[in-house]
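As structure tokens, the structure follows; a few thoughts come after it.
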Amino acid sequence: MTKNVRVRFAPSPTGPLHIGGVRTALFNYLFAKKHNGTFVLRIEDTDQNRYVKGAEQYIVDSLNWCNIPFDEGPGKNEKFGPYRQSERKHFYKQYAGQLIASGNAYYAFDTSESLDYYRKDHEAKGKTFIYNWHNRHLLSNSLALTKEETQAKLDAGHEYVIRFKSPQDDTLHLNDIIRGDMTIDTNILDDKVLFKSDGMPTYHLANIVDDHLMEITHVIRGEEWLPSLALHYQLYEAFGWDKPQFAHLPLILKPTGKGKLSKRDGDKLGFPVFPLEWKDPQTGDISRGYKEDGYFPEAMVNFLAFLGWNPGTEQEIFSLHDLIQAFELEKVHKSGARFDPDKIKWFNHQYMQFQNDDELAEGYKTYQPQLNDIDLNYIALVVGIIKERATFISDFWDLSSFFFEAPKNYDEKTFSKIMNSASRELMSELAQVISHISDFTVENIQTDVKAWIGNKEVGFGKVMQPLRLALVGAMQGPDVFEIIFLIGKAETVQRIENLIQTI
């Protein structure tokens, strides 16, 4: 492993960052940090027609929320800047020219109409039109034209693209860290466009040039780019440059396990596919985000790490530091990883238990403004009792409202089942027992109430069920004695009396 590992995450600012993109960024980040390397952010905005305002900032905000910020990129440690491809146009034309000069690329003047004709003609004959070695000398390009004819077209301002001259009768030997060795017959490859008629490079040329100039050592990207690997290998060889090592990550699949995860899947099944909420600047439509839905960034990162990677042990809960230590590209799977909305909820529940109660209490107050006048220390105590049953902070009120206000009604089924005149008498006596407890601690409350129940020689449930109903309004909630302690003696007695008066 080289001492100077450099990886890059290179999204296009064409909309919000999909969860698959976040996973790609995460794996790049983990690999870089594992090897004391540099995590670079590069914005690939060569397709200006699809550029969306605000998308670049959204990408940056998403990485920061996930606690995987880039080390080098737009506006930050710009050692190899600029980091937006739209600001690097001068590089690409120069390198495209180098390929033409070396005979590895050529000018193509074919119109879209003529290419469309050839495609339809081939389709009619049951064939597929491929622009490469077997027909390029019959088409309108600098390989079929004389040098003078080519120059005349260029001087006259004819629109052109620059195509890569894919070799004939050759075998490419490719290597991928995740997928191993592969061989490709160059006869099946087409002559890809490297430079477009609008003066902008295609992804292929810009990608290779930027990775070389930015000294990227490892290209870790999604499986959808695997078909481009052969061309990228050839471009490195055509330029005479050292190749980076490649690793193509498996797709993130729909919850059904069939097909690539999309926004429509999230909309249909009710879960986000974006890290942060996104408002479309054109339509005003709002897409949900994991942050706004109440997920902890640590939970999402832990979940994403297991989409296609496994440490080889039974351990599932990993801090970011633990992930960095354990991560290896060789342990990334080849097959697609199924997205499980329930599993990320499980991770969020686990991380809920690690959160600081005071911080959770602050978050709870933002969900429930009626808690603004209540002491934060008290809210934190409540949170510490109920968070083991919660997945999100938004669950807190249903789990703990009775700590802040007396029940306004009681579960009808339970009430009719357990409340009668005998229950009323027991509750009336219990109120007196509780009101006379001097040292009001959880232990003393429990000791005195249980002793009284023993002396009465009644079943434990005969007392505890109506007591819980009085305190909570239903047969749910944490330990009854903890509830009594937190709401206090006077409030407990009042709630018991409220229940008695309802009978």
Side-chain angles (χ1 to χ4, degrees), residues 357 361 364-365 367-391 393-503:
D357 291 344
Y364 189 8
K365 291 178 75 170
Y367 275 93
Q368 298 295 141
Q370 64 264 50
L371 301 182
N372 285 340
D373 296 330
I374 297 177
D375 182 72
L376 187 67
N377 292 325
Y378 177 77
I379 300 174
L381 287 173
V382 171
V383 166
I385 292 174
I386 56 98
K387 71 179 184 181
E388 66 178 292
R389 297 174 178 82
T391 298
I393 293 177
S394 56
D395 297 335
F396 284 1
W397 183 251
D398 286 342
L399 294 170
S400 68
S401 61
F402 47 85
F403 280 106
F404 306 102
E405 58 183 31
K408 295 180 175 62
N409 44 58
Y410 306 101
D411 180 77
E412 292 183 10
K413 187 176 180 180
T414 303
F415 186 92
S416 60
K417 181 180 178 181
I418 67 174
M419 297 309 299
N420 50 45
S421 58
S423 302
R424 180 176 181 172
E425 290 180 13
L426 283 172
M427 288 297 99
S428 182
E429 286 187 40
L430 178 59
Q432 292 299 313
V433 172
I434 292 174
S435 66
H436 286 93
I437 298 174
S438 55
D439 188 5
F440 209 72
T441 64
V442 174
E443 294 77 11
N444 286 344
I445 298 166
Q446 181 173 328
T447 299
D448 287 7
V449 169
K450 285 185 174 181
W452 172 75
I453 293 174
N455 291 334
K456 293 290 293 183
E457 296 184 349
V458 295
F460 200 70
K462 294 287 185 181
V463 174
M464 299 308 292
Q465 288 184 356
L467 175 57
R468 182 174 291 280
L469 192 64
L471 300 175
V472 179
M475 292 294 102
Q476 64 185 46
D479 181 76
V480 163
F481 301 111
E482 288 187 331
I483 298 174
I484 293 173
F485 170 71
L486 278 179
I487 67 175
K489 182 188 297 185
E491 178 66 19
T492 299
V493 171
Q494 182 61 58
R495 292 189 187 186
I496 293 173
E497 290 177 353
N498 290 344
L499 180 66
I500 292 171
Q501 292 168 10
T502 306
I503 300 174

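Everything numeric in this text was worked out from a predicted model, so none of it was measured.
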Pair Asn420-Ser423, side chain to side chain donor-acceptor pair (under 3.5 Å): steps then yes or no: CA-CA 5 Å; Asn420 50 45; Ser423 302; 3.1 Å; yes
Validation row: Lys365, Leu376 side chains within 4.5 angstrom (heavy atoms): yes
Asp373 atom CG, over 12 foreign heavy atoms within 6.0 Å: no
Donor-acceptor contact below 3.5 Å, side chain Ser416 vs main chain Lys413: yes
NZ/Lys489: more than 12 non-hydrogen atoms of other groups inside 6.0 Å: yes
Minimum heavy-atom distance Pro407-Leu469, with the two atoms named: CG-O, 4.4 Å
Parallel, tilted or perpendicular: ring planes of Tyr410 versus Phe415, cut at 30 and 60 degrees: parallel
Atom of Arg495, atom of Ala470 and distance for their closest heavy-atom approach: CB-O, 3.6 Å
Contacts of type ring-ring contact (aromatic ring centres under 6.0 Å, His included), residue Phe403, not counting sequence neighbours: none
From Val382, Ile385, Leu486, residue fulfilling side chain to side chain contact (heavy atoms under 4.5 Å, CB included) relative to Pro478: Ile385
4.5 Å side-chain heavy-atom contact, Phe402 and Arg468: no
Close side-chain approach of Arg389 to Asp395, heavy-atom, < 4.5 Å: no
Whether Tyr378 and Phe404 hold their rings parallel, tilted or perpendicular, with breakpoints at 30° and 60°: perpendicular
Check: Met475 and Asp411 side chains under 4.5 Å, non-hydrogen atoms: no
Any Ile484 side-chain heavy atom under 4.5 Å of Leu467 side chain: yes
Flag if over 12 foreign heavy atoms under 6.0 Å of CD, Glu412: no
